[in-house]
Amino acid sequence: MNSLYLLHSHGHSAVNHSVPAINLQFLLGVIFIFLLVAYLTAALITNRRYKKWPVSRTICWTIGMGIALAAVVGPLGNSAHTNFTAHMVSHLFLSMVAPIFMAIARPITLLLRTVNTTLARKLTSILKSRLLKFVSHPITAAVLNVGGLWLLYTTDLFVYMHDNPFVALFIHLHFFIAGYVFTISIIYFDPVYHQYSYRFRAAVLILAIAGHDILSKYMYANPPAGVSQQEAEMGSMVMYYAGDWIEVALIIIFCWQWYKSAKPSKNFAEEYNSKKRVTVSE
């Protein structure tokens, strides 16, 4: 069996190079580079047909993919295989920071603009399906995202992930996809076919943040299997404090969208002022 991570307290040996860890990095790197190239290509195609796609969204997508790549390849990706703190930074990058930039980049809108009408209608039907309604429900997304973290760090799954590269690949993709789905279930940039009220999403967001923070405190006192007490304490603090800053960014975007939706429209304000002037003149 391949060991992708250096496990300390269980006495595992260092990384087994018979099935090099770089294979996992290579597969994940290919996925994120493909997503980056696909987005850039779609932006070029849609620019020929319609109004130019905002450069700011392309930049956000590029940043998101860059952060996702940095989480799994290069110095951080390498360190994450042997150091729990680096692993936690990688988790924050992959499942919290990158999804925010990706959501702002509106990939679904770009996809619907790029494909032909027939395919766009089929994709819209899929987006409206009951399955996607269930998966993108804020509670489901929160359970998949935060619940997945609890399952990973409080069971032997963490050890199994280090012993099986396919499980490691699945868990990394789960981190990434669950983080993105949860983000777009809270903040709306792309078309949303199953919308939920701001109050409901705020409640789910608060519970999800609480679940994330409680897990970090739990790991501080109860290290995940195979992680030393010292590394668990450092990794838990990174998860708690750095995670808080990322959550603040998500809250700011959410409150900004809520404020915009509740702000009186210009027409309403003009109508109100007009009636007020009429009343005063009378």
Side-chain angles (χ1 to χ4, degrees), residues 1-33 35-36 62-102 145 148-149 152-154 156-180 212 215-220 222-247:
M1 298 294 284
N2 181 35
S3 176
L4 295 174
Y5 289 73
L6 178 63
L7 302 183
H8 302 281
S9 41
H10 280 211
H12 288 244
S13 61
V15 179
N16 181 351
H17 295 285
S18 60
V19 183
I22 196 172
N23 286 346
L24 174 64
Q25 297 185 20
F26 177 78
L27 288 173
L28 291 170
V30 167
I31 291 172
F32 296 132
I33 290 174
L35 291 174
L36 174 60
T62 303
I63 293 174
M65 288 300 104
I67 292 172
L69 273 171
V72 295
V73 300
L76 179 59
N78 289 329
S79 297
H81 293 293
T82 58
N83 183 287
F84 187 66
T85 303
H87 164 84
M88 196 52 66
V89 174
S90 174
H91 148 62
L92 295 177
F93 276 15
L94 191 61
S95 63
M96 296 183 73
V97 181
I100 293 177
F101 284 99
M102 293 168 61
N145 189 24
L149 294 175
L152 176 64
Y153 295 124
T154 61
D156 289 339
L157 181 61
F158 191 67
V159 172
Y160 194 54
M161 179 183 78
H162 296 92
D163 289 340
N164 190 310
F166 297 104
V167 174
L169 177 63
F170 173 81
I171 289 175
H172 278 80
L173 291 177
H174 174 82
F175 271 172
F176 176 68
I177 296 172
Y180 175 69
H212 192 266
L215 176 60
S216 64
K217 291 183 177 181
Y218 178 85
M219 286 197 301
Y220 188 91
N222 303 277
V227 178
S228 67
Q229 181 68 43
Q230 184 180 7
E231 284 202 22
E233 291 177 358
M234 184 60 70
S236 300
M237 287 192 290
V238 169
M239 181 179 179
Y240 185 84
Y241 291 109
D244 271 359
W245 282 106
I246 302 168
E247 287 157 354

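Keep in mind that what you see is a predicted model, and the values were worked out from it rather than measured.
- Taking 4.5 Å as the limit, every side-chain heavy atom of Ile177 sits out of range of all side-chain heavy atoms of Tyr180.
- Residues Leu149 and Phe175 meet the side-chain proximity criterion, which asks for heavy atoms closer than 4.5 Å.
- Of all non-hydrogen atoms in Val167 and Met161, the two that sit nearest each other are CG1-CA, 3.9 Å.
- Using a distance-only test at 3.5 Å, with no hydrogens or angles considered, no donor-acceptor pair links the side chain of Asn164 to the main chain of Tyr160.
- One distance of note links CE of Met219 with CZ of Phe158; it measures 8.5 Å at 0.5 Å rounding.
- For Met237, the CE atom counts as densely surrounded, since its 6.0 Å shell holds more than 12 non-hydrogen atoms of other residues, nucleotides or ligands.
- Looking only at side-chain heavy atoms (C-beta outward), Asn78 and Gln25 come within less than 4.5 Å of each other.
- Glu247 has its side chain within reach of Asp244: a pair of non-hydrogen atoms, C-beta onward, lies under 4.5 Å apart.
- Aromatic rings of Tyr240 and Tyr220 (six-membered ring for Trp) have centroids beyond the 6.0 Å cut-off, not under it.
- Using modelled atom types, no side-chain atom of His174 and backbone atom of Phe170 make a donor-acceptor pair closer than 3.5 Å.
- With Ser236 contributing its side chain and Ala232 its backbone, the two residues share a donor-acceptor pair below 3.5 Å.
- For Phe101, the CZ atom sits in a loose shell: 12 or fewer heavy atoms of surrounding residues, nucleotides or ligands are nearer than 6.0 Å.
- For the atom pair CD1 (Ile31) and CZ (Phe176), the distance works out to 9.0 Å, reported to the nearest 0.5 Å.
- At a threshold of 4.5 Å between non-hydrogen side-chain atoms, the residues Leu215 and Thr154 count as touching.
- Residues Pro224 and Phe84 approach most closely at CG-CZ, 3.8 Å, considering heavy atoms.
- For the atom pair CD1 (Ile171) and CG (Leu157), the distance works out to 4.0 Å, reported to the nearest 0.5 Å.
- A distance of 8.0 Å separates CD in Glu231 from OG1 in Thr82, rounded to the nearest 0.5 Å.
- When all heavy atoms of Ala71 and Leu76 are compared, the closest pair comes out as CA-CD2, 4.0 Å.
- Residues passing the side-chain hydrogen bond (donor to acceptor under 3.5 Å, both in side chains) test with Ser95 are His91, sequence neighbours excluded.
- Under a cut-off of 6.0 angstrom, the local environment of CD in Gln230 is sparse, with at most 12 non-hydrogen atoms contributed by other residues, nucleotides or ligands.
- Open room surrounds CZ on Phe93; 12 or fewer heavy atoms of other groups in view lie less than 6.0 Å from it.
- At least one side-chain heavy atom of Ile33 sits under 4.5 Å from a side-chain heavy atom of Leu69.
- Atoms CZ and CG, on Phe166 and Leu27 in that order, are 8.5 Å from each other to the nearest 0.5 Å.
- One distance of note links CG of Leu173 with CG of Leu94; it measures 8.5 Å at 0.5 Å rounding.
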